[in-house]
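Note that the structure is predicted; figures quoted are calculated from it, not measured.
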Amino acid sequence: MDRNAAPEQKGSPQFRVLRAGPQAFKLPREKIMTETFKTISSIDGSVFVEREYASGADIARTIEAAAGAGAAWRQTPLETRAQFCSAAVDSFVAMKDGIGEEITRQMGRPIRSAPGEVGGFEERARHMIAIAGDTLADVAVEPKDGFTRFIRHEPLGVVFVIAPWNYPFLTAVNSIVPALMAGNTVILKHSKQTPLAAERLAEAFQGLPAGVFQYLHLNHADTEKVIASNDIGFVAFTGSERGGAMVETAAAGRFIGIGLELGGKDPAYVRADADVGHAVENLTDGAYFNSGQSCCGVERIYVHADVYGDFVERFAVLARGYRLGDPLDPETTMGPMVNTGAADFARSHIEAALAAGATALIDAGAFPAYQAGTPYLAPQALIDVDHSMAVMTDETFGPVAGIMKVNNDDEAIRLMNDSAFGLTASVWTRDEDAALAIGAQVDTGTWFMNRCDYLDPALAWTGVKDSGRGCTLSDIGYGHLTRPKSFHLRHKI
């Protein structure tokens, strides 16, 4: 997610630590000074939250507690771990209304939709809890006389989860709950744009044994140090490609697992046989929900020539119907972007495309709340675009969709694959056989038919190319949070 990562997650290439223990966080006495950060609300530019970054001593204590709690937690029966995690989910769901408002005030998502993140959190968490028993059970192999043989899923130790601001709970839960269910302990570092997300999760998980789930507010230099700590067994990062490179660099030489969920430039293809009304309704939502600030949001749409005119006309009508404004107003359907810089970046893609010959379908001036130099950016759809334009090739991460006419499936496949990213892609058609045949040729982690912008917890969430590596969710996700250990027991000597 090119702009999913908060600034502190973007990396500090000059910092290198290959081996670090708790002593790395013991600061010289003259440098023991509390550093603070502020969360600036995109609603009005006011300071909504102010917190202290963790001190070196705080970080050392947290890592030591997580490592120390690991032995007992991994020996805790899976059924008991499930009870702990289920109770935490219950506690989290009970906070729904307060959580929704905090999301809105921290990053600008409309209050009418912000509480829905709690439902997504619950769905994913409960699914991963439910499948843990079967997924983490010992793996039997073919019987052999005189021997007992099986493979066991062993926890990795301390899992360090680095989560972004755009979906602060949905991105975090993908790793937190399965990590805990697998017998790992967890340290969460959240974006400074959404620090209350970490605190809410800590509140929900407070019933777990001490040290099993903790959080730290960290600057990027200390984030790198934690990654390099000998006590960290796995890093789960969601953020920008630059942030992913930082994680790889900080972990270099440690041979630990790393999960990277990075950027996206997700395409959709509307075939001639599509239900155009259904496609338009879902693709406008896929492009504009959360002001387009989603790694799996739809940023480029390829439409068959036979339905292109109808699709474009309907798409523009729905886009013009969004209500941009104060996200605390229940009538608002599009809030501000996370900050002015993010809005300016998306605006630069629009302006560059227009200068290169694109045509805008939406008059931004028709939205009273739209104003240059603020985070309030109106939805936009562009036609007469091509792949010479950044809006069709680089992650925009804003409420902007480029729409191109294509003549056949082969042309659509070629254009969908013409990207550095490969997170999700979708086809809109009535022909499932065609959907399967096209999907087999598109380089992507998830392939949708007649839907988009959704994570099914029963399916592997993964990307290819610059969208990252590793996997969360599904039974396959558990494989990345455990290591196999083979037991080979001979009965007679």
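Arg300 contributes no side-chain N or O that, together with a main-chain N or O of Ile403, makes up a donor-acceptor pair within less than 3.5 Å. Side-chain atoms of Glu395 never come within 3.5 Å of backbone atoms of Gly263 as a donor-acceptor pair (strictly under, hydrogens ignored). A donor-acceptor pair is defined here as one N or O able to donate and one able to accept, closer than 3.5 Å; such a pair exists between the side chain of Thr249 and the backbone of Ala245. A distance-only check finds a donor-acceptor pair linking the side chain of Gln293 to the backbone of Val338 [under 3.5 Å]. In terms of modelled atom types and a separation under 3.5 Å, the side chain of Ser291 and the main chain of Gly335 share a donor-acceptor contact. Using modelled atom types, one side-chain atom of Asn184 and one backbone atom of Leu481 make a donor-acceptor pair closer than 3.5 Å. Thr80 places no side-chain N or O within donor-acceptor distance of the main-chain N or O of Thr76, the cut-off being under 3.5 Å. Checked by atom type and distance alone, the side chain of Thr284 pairs as donor or acceptor with a backbone atom of Glu281 at under 3.5 Å. No side-chain donor-acceptor contact under 3.5 Å links Thr396 to the backbone of Gly398. At least one donor-acceptor pair closer than 3.5 Å links the side chain of Ser240 to the backbone N or O of Gly243.
Contact of the Leu455 side chain with the Asn174 side chain is registered, since non-hydrogen atoms from C-beta on lie closer than 4.5 Å. Counting only heavy atoms from C-beta outward, the side chains of His127 and Val177 never approach each other to under 4.5 Å. Between Ser486 and His488 the shortest side-chain heavy-atom distance does not fall below 4.5 Å. Between Pro164 and Gln193, every side-chain heavy-atom pair lies at or beyond the 4.5 Å cut-off. The side-chain heavy atoms of Tyr269 and His304, taken from C-beta on, include a pair separated by under 4.5 Å. Under the 4.5 Å side-chain criterion, counting only non-hydrogen atoms from C-beta, Trp461 is in contact with Thr424. When side chains are defined from C-beta on, Leu459 does not count as touching Leu473, because their heavy atoms never get closer than 4.5 Å. Side-chain atoms of Tyr167 and Thr238, non-hydrogen and from C-beta on, never get closer than 4.5 Å to each other.
Gln441 CD: more than 12 foreign heavy atoms inside a 6.0 Å radius.
Between the SG atom in Cys452 and the CG atom in Asp285 there is a gap of 7.0 Å [rounded to 0.5 Å]. Here CD1 of Ile103 is found 12.5 Å from CH2 of Trp165. Values are rounded to the nearest 0.5 Å. The CG atom of Asn166 sits 10.5 Å away from the CE atom of Met337 when rounded to the nearest 0.5 Å. One distance of note links SG of Cys85 with CD1 of Ile129; it measures 5.0 Å at 0.5 Å rounding. The CG atom of Leu201 lies 11.0 Å from the CG atom of Leu196; values are rounded to the nearest 0.5 Å. Once rounded to the nearest 0.5 Å, the distance linking CZ of Arg51 with NE2 of His217 reads 6.0 Å.
Side chains of Asp273 and Thr429: a donor on one and an acceptor on the other come within 3.5 Å. Side chains of Thr472 and His480: a donor-acceptor N/O pair is absent below 3.5 angstrom, by distance only.
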- Item | Trace of the side chain to side chain contact (heavy atoms under 4.5 Å, CB included) decision for Phe311 with Val280 | CA-CA 7 Å; Phe311 179 90; Val280 167; 3.4 Å; yes

- Task: I would like to know whether Glu248 and Arg469 meet salt bridge (Lys or Arg N to Asp or Glu O under 4.0 Å); could you show each step before the answer?
- Result: CA-CA 11 Å; Glu248 288 192 320; Arg469 61 184 175 87; 3.1 Å; yes

- Message: Does Thr446 form a side chain to side chain contact (heavy atoms under 4.5 Å, CB included) with Leu423? I'd like the steps, not just the answer.
- Response: CA-CA 6 Å; Thr446 295; Leu423 190 56; over 6 Å; no

- Task: Go through the steps for Glu142 and Arg149 under the test salt bridge (Lys or Arg N to Asp or Glu O under 4.0 Å), then give the verdict.
- Result: CA-CA 8 Å; Glu142 183 180 357; Arg149 302 181 302 161; 5.6 Å; no

- Intermediate values then yes/no, side chain to side chain contact (heavy atoms under 4.5 Å, CB included), Phe92 and Ile99: CA-CA 9 Å; Phe92 182 80; Ile99 287 172; 3.4 Å; yes

- Task: Please report the C-alpha distance between Arg254 and Asn230 in whole Å, then the side-chain angles of each, then the deciding distance to 0.1 Å, and finally whether the side chain to side chain contact (heavy atoms under 4.5 Å, CB included) criterion is met.
- Result: CA-CA 8 Å; Arg254 296 211 47 242; Asn230 284 330; 3.9 Å; yes

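Ion pairing between a basic and an acidic side chain is recognised when a charged N comes within 4.0 Å of a carboxylate O; Glu299 and Lys265 show such pairing.
In this structure, Lys189 and Thr223 approach most closely via the heavy-atom pair CE-OG1, 3.4 Å. A pairwise comparison of heavy atoms in Glu101 and Ile111 identifies CA-CD1, 3.5 Å as the closest pair. Here the closest non-hydrogen pair linking Phe213 and Phe205 is CD2-CB, 3.8 Å. Scanning all heavy atoms of the two residues, the minimum distance from Thr194 to Met107 falls at CG2-CG, 4.3 Å. Pro399 and Met334 get closest at one heavy-atom pair: CB-CE, 3.8 Å. Between Ala268 and Trp428, the shortest heavy-atom contact is CB-NE1, 3.7 Å.
The aromatic rings of His387 and Tyr302 lie tilted to each other, with the angle between the two planes from 30° to 60°. Ring orientation note: the planes of Phe487 and Phe150 are close to parallel, at an angle under 30° on the 30°/60° scale.
Taking the six-membered ring wherever Trp is involved, the centroid distance between the rings of His153 and Tyr478 does not fall below 6.0 Å.
Here the options are Arg109, Arg124, Lys96, Arg200, the test is salt bridge (charged side-chain N to carboxylate O under 4.0 Å, His left out), and the partner is Glu117; only Arg109 passes.
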